[in-house]
Amino acid sequence: MSDIDIRNQGRAGRITLNRPKALNALTYAMCLAVEEALDRWRDDPAIDLVLLDAEGDRAFCAGGDIAEMYATGSAGDFDYGRRFWRDEYRLNAKLAEYPKPIVSFLHGFVMGGGVGLGGHCSHRIVCDDTRIAMPECGIGFVPDVGGSYLLARAPGRLGEYLGLTAARMGPGDAIHAGFADAYVPRDGWEALKQALVETGDVTGLDAAMAPAPDSPLAAQQAQIDALFAGEALRDVLNALRSDGGDVAAQALAAMSRNAPLSMAVTLEMLHRLRGPSLNIRKALEMEYRVSHRIMEHGDFLEGIRAAIIDKDKSPKWRHDLDNVPAVDVSRMLMPLGKLSLSFKERGMKIGFIGLGNMGAPMAANLIKAGHEVSGFDVAGVTVEGAAQAASAGEAARGADIVITMLPNGAILRAVAAEVIPVMPPGAVLLDCSTVDVESARAVAEQADAAGLAALDAPVSGGIGGAAAGTLTFMVGGSEAAFAKAQPLFDVMGQKAVHCGPAGNGQAAKICNNMILGVTMIATCEAFALADKLGLSRQAMFDVVSTSSGYSWSLNAYCPAPGIGPKSPADNDYKPGFASELMVKDLGLAQQAAEAADADTPMGAQALALYRQFVEEEDGKGRDFSAMLPRFEKRGRS
Ligand code: NAD
């Protein structure tokens, strides 16, 4: 039987969690299934509302299924957990922002991931046995799945109290704290569900509601506000210890079991979040800063080990209760830059063909960002986290985007002929190789004829840029295809320039590299001349790098060893960018210039010189800046 039952019934989209033996713990697959259903029902005129409930007597959902996270995380693979969290948090936001009513029936235990699922819905119903809690600090984590949003909005300092102690709320408390909306006695639930399904109208809820039971927490609110007002964990502990009352003693006992770093971070999160600009996305984004780091730098794995794996209930936390340095808290909450939670839709299905020096790190970055990559390379190489396809066609089948990173235009044409027939309509063929303009345009025409879009998007930035995700893409093709590929450019690079129709990306690349080849030669010539004129290389660099002779070749990639920023010259001219690749690019420029009848004497001269360097001298396998030692050795004749 499936873990989740998703169906249309009357006017309602119905989702029923169906893992009662596991207290309906939410698996990754269940998360994705809920999201898929919500996406489907959003614009379905037959569906007026969504009804979310669970099988079994004991729990609506007692949390996220963390067994797989532990297995992967303790083996040093943090990407699985990060992917799970990213997709789950996107679902939490979707539930909170859904345009149709979602009615959640929260019986029994509703904890962690269960709060994320049922606690952000528009109409949250509780009954007598409801027990809601955010117990994450007990397993070395922090309240997540949007729990920090609910906690930050709870009255007074209740959020701090609930987050740090993991206290369980009955129905009255849950309504008082803002985790639920309506109390309906359990024996009225079936009739209510029936009415909702038949009418698709949530106003029927009013008749089923009963007055909320008392809230013990409301009665303790003033005490809790005083005890949990501290700025940092130490302040809260001091207040609790000096109080001596029952509320303080019980809170202290609960907190002494929880992870000190988790509690300190939770407190800081709530302080930062609370305020007029709070919304669920802001809270989830902050939570994800912690999730991203918690396995590597926090107590999460140790917490799960002690609670669920070894069940020894004796976690060895990283910090003592009284000694959590503020800097450790700040580190957990530092912005993640490009790795921030983005709420982008689920990762694309990507076929990646050509996993060489450039392709492999580019594919790895896409996998890290949550995309599903199927890779193929004739050399049999693979990338961790990618499915290894047996052919280019297999990698491309069903893909939203197929990326190629291949040696030349002839190979690109052959691969395109194999993948275009198997790509689904509307998919994009994104070629990032450096190839001739003609091949790029021919491939684009074939793709167009097959109802696909093609982009030529060669890159600048080299192997370092590919690994760091800081490439620049120069892109030819339609606006629509460019827009579709933009999220991938954002992952693999720092900038993507749309240069116009098909082939214009390659045109930009060829022109850029023609300038690069020419300026490198000019820079190397000038250094060799300066040597002979008795001008020191440092003086030459200092003057030219800030005068009209400056260029990227000199300023960023200086061909003189020991001068300017670090470059291949400082590493015995190991590439970097090999001279033979420069021959290839200058050749492409001349080929294009001939076809377009453009006069490019400097480009032609640069090609001749690099070709001589590679074919007749010692240039092969050396960086293209090794022109400097070449000129050094030579005189005028
Ligand atoms: P590479 O030789 O390391 O990688 C090319 C890969 O393509 C190889 O692994 C090869 O096995 C694979 N391949 C060849 N034919 C194939 C086929 N039919 N099907 C599947 N795979 C096939 O080269 P690279 O350095 O990764 O460069 C790739 C492209 O990027 C080139 O066009 C290059 O000009 C361009 N580029 C390279 C750099 C750089 O610094 N290396 C910088 C910018 C652009």
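In each ligand, atom 1 is the first atom listed, and ligand 1 is the first ligand listed.
Of the candidates Leu406, Val419, Asp585, Leu406 brings a heavy atom nearest to atom 29 (C) of ligand 1. For atom 18 (N) of ligand 1, the nearest non-hydrogen atom from the set Val415, Leu471, Leu581 belongs to Val415. Scanning Asn357, Val378, Thr404 for the heavy atom closest to atom 22 (C) of ligand 1 points to Val378.
Considering only non-hydrogen protein atoms, atom 40 (O) of ligand 1 sits nearest to Gly462 CA, 3.5 Å. The shortest contact between atom 36 (N) of ligand 1 and any protein heavy atom is with Thr434 OG1, 4.1 Å.
Set against the non-hydrogen atoms of Ala379, the atoms of ligand 1 under 4.0 Å away are 11 (O). Interface of Phe376 with ligand 1, defined as ligand atoms under 4.0 Å from a residue heavy atom, comprises 19 (N), 20 (C). Atoms of ligand 1 found under 4.0 Å from any heavy atom of Ser433 (numbered from 1 in listed order, with element): 32 (O).
Checking each of Met520, Lys584, Glu580 against Tyr610 for a side chain to side chain contact (heavy atoms under 4.5 Å, CB included) leaves exactly one that passes, namely Met520.
Backbone and side-chain nitrogen or oxygen atoms of Met358 are examined, and one is located within less than 3.5 angstrom of a nitrogen or oxygen of ligand 1. Checked against a 3.5 angstrom limit, the closest N/O atoms of Asn408 and ligand 1 fall outside it. Between Lys584 and ligand 1, a contact under 3.5 Å exists for at least one N or O pair.
Between Glu285 and Arg289 there is a salt bridge, since a side-chain N of the basic residue sits under 4.0 Å from a carboxylate O of the acidic one. With respect to Glu617 and Arg634, a salt bridge is recorded, a charged nitrogen being found less than 4.0 Å from a carboxylate O. The pair Arg83-Asp79 does not count as a salt bridge, with every side-chain nitrogen at least 4.0 angstrom from each carboxylate oxygen. The pair Arg318-Glu302 does not count as a salt bridge, with every side-chain nitrogen at least 4.0 angstrom from each carboxylate oxygen.
Residue contacts with ligand 1 for Asp377 involve both N, CA, C or O and side-chain atoms from C-beta outward (heavy atoms, distance under 4.0 Å). If you look at Ser460 next to ligand 1, there are no close heavy atoms at all, none under 4.0 Å.
You'll find the ring centres of Phe482 and Phe489 inside the 6.0 Å limit. Between Phe577 and Trp552, the ring centre distance reaches or exceeds 6.0 Å.
Not a single heavy atom of Ala392 sits under 4.0 Å from any atom of ligand 1.
Figure legend: cation-pi geometry between Arg305 and Tyr70 absent, as NZ or CZ is not positioned both under 6.0 Å from the six-membered ring centre and within 45° of its axis.
The aromatic rings of Tyr80 and Tyr28 sit perpendicular, their planes meeting at an angle over 60°, well past the 30° parallel limit.
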